[in-house]
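Let me begin by presenting the structure, written as C-alpha cells, before commenting on it.
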Amino acid sequence: MPCQSSEQLNELVLKAKKFTKQGKVADYIPALKKANRDELSIAIYHPDGTCISAGDIQQKITLQSISKVLTLALALTDCGEAEVFKRVGYEPTGDPFNSIVKLETNKVSKPLNPMINAGALAVTHMIKGKSIEERFGRLLTFIRELTGNSGISYSKEVAVSEFETSHLNRSLCYFMKQHGVINEEVEGLMDLYTKQCAIEMDCLDLARIGLVFAMDGVEPKTEKRLLPAYVARICKTFMVTCGMYNASGEFAIRVGIPAKSGVSGGIMGAVPNRFGIGIFGAALDEKGNSIAGLKLLEMLSVEYSLNMF
Ligand code: GLN
C-alpha cells in the first residue's frame, strides 16, 4: 500500500514526537549541541517522483554515520568488492559505533564492518584521488548525483568541531595504521572523514538517496543507473545487519527495512522497490539513534506493512 498523504504522516509524526523528551542531543561533537531536541521531520520519496512529508523538512542536518553507506558505495565502485573486504569485514559487532575493543581482540586486526567508525575510516581510506580535496570532491559529486541536488555541501563548523575533538577516532586510525589496514597520514584521513560526516542535506535529499538504494541503484524517474546493483545490494545488507549500530537486531524485528542512522539524529531508510525515507529528530536514545525517529519508523512499518521479513 502506498503512503496515502502528508496529513496521515503528520498524525504519526505528532504521536512519535512525544518521545523526543526522553532523548538527548549528541554533545561529544560540540557543534551538534546546538540542535533542537524537540524537532521531528520526515520525507518519503516515491519512484514516480512524488513526495510526502511532515515537520520542518527544510531543516538541514549533517549526515554523520549515514555517510558511511555512501563512502562504502563509492569505495566499492572505486576498488571492487575483493579489495574493500581485504581491509574491512562483514560482521556486526554488538558494540557501540566508536568502540576499539574488537580491533584488538579479533585475530585478524581489521574492523569487523564498514558501519562502525573503525570500518568507516578504513573505507574512507580507500576512496581514490590524488589529494584529500580531490577525494572529498569526488564524494560530494557522487552525493550530488544521488540526490539530484548540485547544491549539496558540508558544514565547516561541524567538520572543524569534530576534527578538533576526535581523539578516539584518531586512536582507531593509529591502531589500524600499526596493523597495516590503513597506510596514509592520519591527520589527512581525519580531515576527509570529518568533512564527510559534516555533509549537509535536508530530509528530502536524504529520502531521494534512500530511494536510489531502494531501487537497486537506479534513479527511477530518469532511469539512470547511479550505482551498480551489487553495490546497492551490499550497502542495503549492511544497513540491515549493522545500520542502527548495536540496535540493528531489534530494529530488524520491529521495523524490518534497510536503514542507517547518524548521531545528528538523521535516519535514511530504503524500502525495497517502494520508497526512500529521510528522517530528522535530534534527540537520541542511549545507543545513539534518533529516539522519536525510531518510534516513527515502527509506526510506519505497521501502518504500511513495510517489514520485509
Ligand atoms: N562523526 C561521528 C563520529 O565519528 C559519526 C558517528 C555516528 O554518527 N554514529 O563519531
Side-chain angles (χ1 to χ4, degrees), residues 23-35 60-72 88 92-103 111-125 127 136 139 143 154-176 182 186-201 203 206 209 235 238-239 241-248 251 259-269 278-291 293-294:
K24 247 181 85 213
V25 168
D27 56 7
Y28 76 102
I29 299 173
L32 293 184
K33 277 190 223 167
K34 292 183 188 163
K60 279 192 182 162
I61 54 158
T62 56
L63 288 178
Q64 299 303 333
S65 276
I66 301 171
S67 67
K68 292 168 177 167
V69 180
L70 311 178
T71 47
L72 175 63
V88 67
T93 64
D95 300 319
F97 61 85
N98 53 6
S99 176
I100 197 166
V101 62
K102 293 263 166 48
L103 273 184
L112 276 177
N113 72 67
M115 300 292 122
I116 50 172
N117 284 10
L121 286 158
V123 166
T124 298
H125 171 64
I127 292 176
F136 185 59
L139 178 62
I143 293 178
Y154 77 105
S155 158
K156 257 196 192 121
E157 187 197 353
V158 174
V160 168
S161 177
E162 182 171 17
F163 184 83
E164 285 173 350
T165 52
S166 229
H167 312 302
L168 191 49
N169 283 333
R170 277 188 178 78
S171 65
L172 295 171
C173 288
Y174 282 112
F175 194 98
M176 290 192 287
I182 62 171
V186 170
E187 290 307 292
L189 180 57
M190 285 306 305
D191 181 26
L192 180 53
Y193 175 77
T194 49
K195 281 182 178 145
Q196 106 184 23
C197 289
I199 290 173
E200 273 186 318
M201 62 182 65
C203 281
L206 204 54
I209 302 180
C235 290
F238 277 121
M239 285 163 77
T241 57
C242 322
M244 306 302 282
Y245 317 124
N246 45 336
S248 299
F251 184 82
K260 181 75 201 89
S261 63
V263 287
S264 53
I267 303 176
M268 175 180 82
I279 288 182
F280 174 53
L284 307 178
D285 64 14
E286 72 287 349
K287 290 186 173 161
N289 291 313
S290 170
I291 192 162
L294 283 182

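Throughout, residue positions are numbered sequentially from 1 according to the sequence presented. In listed order, ligands and their atoms are each counted from 1.
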Tyr245 and Phe97 aromatic ring geometry - parallel, tilted or perpendicular at 30°/60° bounds: tilted

Polar contact flag, side-chain donor to acceptor under 3.5 angstrom, Asn169-Asn117: yes

Within-shell test, Asn169 vs ligand 1, heavy atom, strictly < 4.0 Å: yes

Atoms of ligand 1 close to Gln64 [distance to a heavy atom under 4.0 angstrom, numbered from 1]: 1 (N), 2 (C), 5 (C), 8 (O)

For Cys197, atoms of ligand 1 separated by under 4.0 Å from a heavy atom: 1 (N)

Nearest non-hydrogen protein atom, atom 4 (O) of ligand 1: Tyr193 OH, 2.7 Å

Gln196 and Ser67 side chains, donor-acceptor separation under 3.5 Å: yes

Test: Arg170 cationic atom under 6.0 Å from Phe163 six-membered ring centre, within 45° of axis: yes

Salt-bridge present (Lys195, Glu162; N to O < 4.0 Å): no

Subset of ligand 1 atoms that lie under 4.0 Å from at least one heavy atom of Tyr28: 2 (C), 3 (C), 5 (C), 6 (C), 10 (O)

Closest approach of any protein heavy atom to atom 3 (C) of ligand 1, naming residue and atom: Glu162 OE2, 3.1 Å

Nearest-option assignment for atom 5 (C) of ligand 1, heavy atoms, candidates Ala26, Gly262, Ser65: Ser65

Val263-ligand 1 polar pair, N/O distance under 3.5 Å: yes

